[in-house]
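Below you'll find the structure, written out as structure tokens, and then a few comments.
Each chain gets a letter, A, B and so on, in the order its sequence line appears, and its residues count up from 1.
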Protein chains: 2
Amino acid sequence: MGTLRSMVTPRTTPRRPDDLTLEVVDLIGSVVARYHEEYEEAAAGHTLTGAQARLLSLLSLEPLPMRKLAQRLKCEPSNVTGIVDRLESRGLVERRPDPADRRVKLAAATAEGRRVARSLQDSLRFAREPLAGLSEAERLALRDALRRMLREG
Amino acid sequence: MGTLRSMVTPRTTPRRPDDLTLEVVDLIGSVVARYHEEYEEAAAGHTLTGAQARLLSLLSLEPLPMRKLAQRLKCEPSNVTGIVDRLESRGLVERRPDPADRRVKLAAATAEGRRVARSLQDSLRFAREPLAGLSEAERLALRDALRRMLREG
DNA sequence: CATGGTTGTTTCAGTTAATGAAGTATTTCG
DNA sequence: CGAAATACTTCATTAACTGAAACAACCATG
């Protein structure tokens with residue numbers, strides 16, 4: 001069906017990605033799936049949900065106001081309230097007043113929270129294993145390609 | 001960067017990933033985030049949730065029993081029931097009996113469902129844009145690296 | 001061929017994530 | 001000062017997800 005058309009009108013479809021591009025997109029889809037799988041798995045290993053793990057990771061670096069958390073997680077502030085509530089009830093996160101602005105509440109990881117975040121990072125290190133199959137040169141090429149891909153948009 | 005360390009202690013840190021690997025992992029994290037963002041966006045453009053879009057995409061290729069859907073989506077069968085319910089109530093999917101086994105119900109995309117799935121694919125094609133910045137040689141190298149990464153595990 | 005175990009699906013109860021609309025403080029600025 | 005904007009919470013609602021229980025149909029095996 002399509003073969004005849006492509007023989008007759010070889011250059012009328014400028015937007016149609018070539019087979020190589022399609023394959024690469026497909027591969028990226030697989031990498032995305034695998035990354036997610038392992039992330040959720042690592043989180044579950046600490047009895048955390050994905051959203052909780054992501055938020056805790058952010059806070060392990062520095063305390064942040066709720067509104068900033070919402071921005072980083074790309075969700076509504078009211079949603080962050082619940083996630084922080086659950087982490088707080090487990091003693092992994094605490095709320096502090098911001099001395100500079102009494103409206104804002106800073107969410108901060110507790111010592112225990114940081115410990116869990118670190119352990120999470122380590123178990124996620126497992127996600128790096130696939131890279132072990134690549135030579136240094138390949139990893140360099142991969143880095144450059146990914147950098148360029150992300151540079152756009 | 002990591003060169004000095006690797007010269008001094010070439011075999012004492014077998015598990016600790018080098019800086020290059022860490023950077024690549026980080027870049028993959030960004031690609032994952034971007035991919036998801038665009039996928040959810042494309043789904044939302046059709047008033048579908050991510051889970052619904054994923055399920056519909058699977059069904060656009062071939063009808064599948066509920067249990068197979070659960071396996072593909074890596075979730076419990078009871079969950080699939082709800083997602084299919086919602087898609088069915090919108091006329092995008094239908095349930096048919098499996099002639100070979102009266103226990104199983106095949107979920108199948110309707111004509112409208114296939115149309116939506118195709119349109120979804122097309123808007124997701126936007127996700128391929130980042131690849132446009134790469135030369136053919138780079139895309140080839142990227143493909144090979146990704147293939148090898150996924151080969152393991 | 002009966003019957004007991006297994007499989008495929010659904011229902012139900014419960015948790016989490018997420019949004020959007022109010023509502024309450026607090027800050028900022030005309 | 002007073003009005004508008006900002007930060008957070010609460011509430012109602014929907015979806016995704018899990019695990020347990022129920023039900024029907026399949027399939028062995030004695």
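- Distance from the side chain of A:Val104 is smallest to D:dA7 among C:dT9, D:dC17, D:dA7.
- No path of Ile, Leu, Val, Met, Phe, Trp and Tyr side chains, each step under 4.5 Å between heavy atoms, connects A:Leu120 with A:Leu92, placing them in separate hydrophobic clusters.
- Comparing atom distances between the A:Asp101 side chain and each of C:dT10, D:dC17, C:dT26 picks out C:dT26 as nearest.
- OP1 or OP2 of D:dT9 sits under 4.0 Å from a side-chain N or O of A:Thr81.
- Proximity note for A:Arg67 (side chain, C-beta onward) versus D:dA16, D:dC8, C:dT9: the nearest is D:dC8.
- A side-chain donor-acceptor contact under 3.5 Å links A:Asp18 and A:Thr21.
- The separation between A:Leu55 atom CG and C:dT16 atom C1' is 14 Å, rounded to whole Å.
- In this structure, the nucleotide among C:dT19, C:dT9, D:dT9 sitting nearest to the side chain of A:Lys105 is D:dT9.
- Computed from coordinates, the B:Met66 CE to D:dA24 C1' distance equals 16 Å when rounded to whole Å.
- Base contact: A:Ser78 has a heavy atom under 4.0 Å from a base atom.
- Here the C1' atom of nucleotide D:dA16 and the NE2 atom of A:His36 are 14 Å apart, to the nearest Å.
- Place A:Gly82 and A:Ala100 on DNA chain C by their nearest nucleotides, and A:Gly82 ends up nearer the 5' end.
- Within the 4.0 Å cut-off from OP1 or OP2 of D:dC26, at least one side-chain nitrogen or oxygen of B:Arg102 is found.
- Atom-to-atom, CD of B:Gln52 to P of C:dA17 comes out at 19 Å; the value is rounded to the nearest Å.
- We find that A:Arg147 and B:Glu23 are joined by a salt bridge, their nearest charged nitrogen and carboxylate oxygen being less than 4.0 Å apart.
- For B:Arg86, the side-chain atoms get nearest to D:dA16 when compared with the rest of C:dA18, D:dA16, C:dT10.
- A heavy-atom distance below 4.5 Å is found between the side chains of B:Leu59 and B:Leu69.
- When distances are taken from the side chain of B:Asn79 to each of D:dA16, C:dA18, C:dT9, the shortest belongs to D:dA16.
- Atom P of nucleotide D:dA7 and atom CZ of A:Arg95 are separated by 16 Å, given to the nearest angstrom.
- Counting to the nearest Å, the P atom of D:dA16 and the CG atom of B:Asp85 are 11 Å from each other.
- Rounding to whole angstrom units, CD of residue A:Glu76 and P of D:dA12 are separated by 19 Å.
- Here the side chain of A:Ile83 is nearest to one of D:dT10, C:dA18, C:dT10, namely C:dA18.
- The closest side-chain heavy-atom distance from A:Glu112 to A:Arg90 is not below 4.5 Å.
- Counting atom types as modelled, B:Arg103 pairs a side-chain N or O with a base atom of C:dT7 as donor and acceptor under 3.5 Å.
- Going from atom CG of B:Asp98 over to atom P of C:dT7 covers 17 Å, rounded to whole Å.
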